[in-house]
> 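Here it is: the structure, laid out below.
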Amino acid sequence: MRLGKLYNADEVRAQFKDGQTILLGGFGHFGAPERLIDLCLESGAKHLTTISLNSCIPGYGIAKLIHAGVVDKMITSHIGNNREAMELYESGKMEVEFCPMGTLAERLRAGGSGIAAFYVKTGYGTGVEKGKELHEFNGEMYMLETALTGDVSLVRCRAADPLGNLAYHGTNENSNPLIALNNTTTTIADPDMILEIDEIGPDRIVTPGVYVDMILE
């Protein structure tokens with residue numbers, strides 16, 4: 001009998017398919033859902049699109065997917081600390097869509113809030129505006145940015161209960177809550193610990209269980 005939303009590694013591994021768009025929490029190598037990324041690698045899924053704020057430190061997180069050659073496209077704010085990613089991008093072997101970090105965070109938030117698009121002026125007058133719809137508000141120019149969502153959200157948290165309620169600690173609470181709330185088909189949590197129902201405490205729950213589909217045991 002299954003207890004709530006707890007799933008074993010085999011069941012989580014089966015969620016990854018070729019061609020998926022995967023959202024990953026974490027910043028640098030802090031708060032990256034490492035166990036879930038390893039399961040994605042083990043699944044053999046390829047031709048992936050990944051979306052993350054800034055998680056390209058060699059040897060950690062999304063960099064492991066890049067090194068394995070399974071990422072066709074990244075949407076991110078920065079890859080300059082990963083020489084391998086830079087070489088793939090410059091050679092045309094991997095597409096990279098760069099987006100200012102605050103705008104990227106807002107695009108992810110919009111994707112979880114039913115907001116199709118919004119106007120922002122960050123990046124106007126730079127290469128970021130290429131191909132974007134422009135509009136003037138109060139004498140200043142803004143660009144139209146679209147919301148981002150995908151197929152699977154991978155989230156790292158400090159604690160989870162069997163109902164999917166999540167609590168965070170320290171640098172785990174960077175982009176993980178934002179990724180967890182996105183409107184992907186499946187949200188999977190990688191907790192440091194699993195607590196009993198009501199043990200987290202309602203004042204410590206950041207991500208309500210209604211947003212979470214699976215918890216890795």
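Sequence positions, counted from 1, serve as the residue numbers for this chain.
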> Just how far is it from atom CD1 of I188 to atom CD1 of I179, taken to the nearest 0.5 Å?
13.0 Å
> Determine the minimum heavy-atom distance between N183 and G111, stating which atoms define it.
CB-O, 3.1 Å
> Examine the side chains of H78 and N54 and answer whether a donor and an acceptor come within less than 3.5 Å of each other.
no
> So, F137 versus Y119, ring centres under 6.0 angstrom or not?
yes
> Salt-bridged, E97 to R107, with N to O below 4.0 Å?
yes
> Apply side chain to side chain donor-acceptor pair (under 3.5 Å) to residues H47 and D18 and explain how you reach the verdict.
CA-CA 6 Å; H47 302 304; D18 289 356; 5.9 Å; no
> Considering only NZ, NE, NH1 and NH2 on the basic side and carboxylate oxygens on the acidic side, decide whether D10 and R13 come within less than 4.0 Å.
yes
> Just verifying a value: how many Å separate D38 CG and L65 CG, rounded to the nearest 0.5 Å?
9.0 Å
> With rounding to the nearest 0.5 angstrom, report the CD1 to CZ distance, I57 to F27.
9.0 Å
> Any donor-acceptor pair under 3.5 Å linking the side chain of E11 with the backbone of N8?
yes
> Kindly indicate, with the supporting measurements, whether the criterion side chain to side chain contact (heavy atoms under 4.5 Å, CB included) is fulfilled by R109 and L178.
CA-CA 6 Å; R109 189 193 71 81; L178 185 66; 3.7 Å; yes
> Considering only NZ, NE, NH1 and NH2 on the basic side and carboxylate oxygens on the acidic side, decide whether K132 and E129 come within less than 4.0 Å.
no
> If we only count heavy atoms from C-beta on, is the V71 to M94 side-chain gap below 4.5 Å?
yes
> For L195 and P162, which heavy atoms make the closest approach, and how far apart are they?
O-CD, 3.2 Å
> Whether the side chain of K93 engages the backbone of E90 through a donor-acceptor N/O pair (distance < 3.5 Å, no angle test) should be reported.
no
> Quick check: does any side chain N or O of N82 sit under 3.5 Å from a backbone N or O of C56, one acting as donor and the other as acceptor?
yes
> Going from CE on M86 to OH on Y89, what distance comes out if it is rounded to the nearest 0.5 angstrom?
7.5 Å
> Show the numbers, then the answer: is there a side chain to side chain contact (heavy atoms under 4.5 Å, CB included) between L36 and L216?
CA-CA 8 Å; L36 299 179; L216 177 60; 3.9 Å; yes
> Assess whether a salt bridge exists between K64 and E34, defined as any Lys/Arg side-chain N lying under 4.0 Å from an Asp/Glu carboxylate O.
yes
> May I ask you to test the Y211-T187 pair for a side-chain heavy-atom distance under 4.5 Å?
no
> State whether a side-chain donor-acceptor pair under 3.5 Å links T207 with Y168.
yes
> Does any donor atom in the side chain of N182 or T149 lie under 3.5 Å from an acceptor atom in the other side chain?
yes
> List the steps and the verdict of side chain to side chain contact (heavy atoms under 4.5 Å, CB included) for L23 and S52.
CA-CA 6 Å; L23 281 58; S52 61; over 6 Å; no
> Roughly how far, to the nearest 0.5 Å, is CD of E217 from CG of D190?
12.5 Å
> Check I22 against C40 and note the closest heavy-atom contact, atom names and distance.
CD1-SG, 3.9 Å
> Between K5 and D213, does any side-chain N to carboxylate O distance fall below 4.0 Å?
no
> Looking at every non-hydrogen atom in both residues, tell me the closest pair between G59 and A63 and how far apart they are.
N-CB, 3.9 Å
> Using the rule that Ile, Leu, Val, Met, Phe, Trp and Tyr join whenever any side-chain heavy atoms are under 4.5 Å apart, tell me whether V70 and V152 fall into a single cluster.
yes
> Taking the six-membered ring for Trp and the single ring otherwise, decide whether the centroids of F118 and Y142 are under 6.0 Å apart.
no
> For residues N165 and D161, is any side-chain donor paired with an opposing acceptor at under 3.5 Å?
yes
> Check for me, please, whether Y7 and L39 land in the same ILVMFWY cluster - side-chain distances under 4.5 Å, paths through other members count.
yes
> Are I37 and Y60 connected in a single hydrophobic cluster, I mean Ile/Leu/Val/Met/Phe/Trp/Tyr linked by side-chain heavy atoms less than 4.5 Å apart?
no
> Does any non-hydrogen side-chain atom of M101 lie less than 4.5 Å from one of T76?
no
> Between the side chains of D192 and R156, is the shortest nitrogen-to-carboxylate-oxygen separation below 4.0 Å, so that they form an ion pair?
yes
> Treat each ILVMFWY residue as a node, draw an edge where side-chain heavy atoms are under 4.5 Å apart, and state whether I79 and I66 are in one component.
yes
> State, with a plain yes or no, whether a side-chain heavy atom of L104 is found less than 4.5 Å away from one of I75.
yes
> What distance do N174 atom CG and N172 atom CG have between them, rounded to the nearest 0.5 Å?
7.0 Å
> Does any non-hydrogen side-chain atom of L154 lie less than 4.5 Å from one of F16?
yes
> With a 4.5 Å limit on heavy-atom distance, are the side chains of I51 and L24 in contact?
no
> Hey, does E95 have a side-chain heavy atom less than 4.5 Å from the side chain of M74?
no
> If we only count heavy atoms from C-beta on, is the E106 to V120 side-chain gap below 4.5 Å?
no
> Kindly give the heavy-atom pair with the smallest separation between Q15 and Q20, and that separation in Å.
O-NE2, 3.0 Å
> Checking the side chain of T126 only, and the main-chain atoms of V128 only, is there a donor and an acceptor separated by less than 3.5 Å?
yes
> For T184, is there any backbone N or O sitting under 3.5 Å from a side-chain donor or acceptor partner on S153?
no
> Answer yes or no: are there more than 12 heavy-atom neighbours, outside D203 itself, under 6.0 Å from its atom CG?
yes
> S77 side chain to L53 main-chain N or O, any donor-acceptor pair under 3.5 Å?
yes
> Grouping I, L, V, M, F, W and Y whenever their side-chain heavy atoms are under 4.5 Å apart, do V210 and V206 come out in a common cluster?
no
> Do you know which two heavy atoms are closest between A167 and R204, and how far apart they sit?
CB-O, 3.5 Å
> Are L144 and H135 close enough, and set up right, to give a side chain to side chain contact (heavy atoms under 4.5 Å, CB included), and what steps lead you there?
CA-CA 8 Å; L144 185 68; H135 194 87; over 6 Å; no
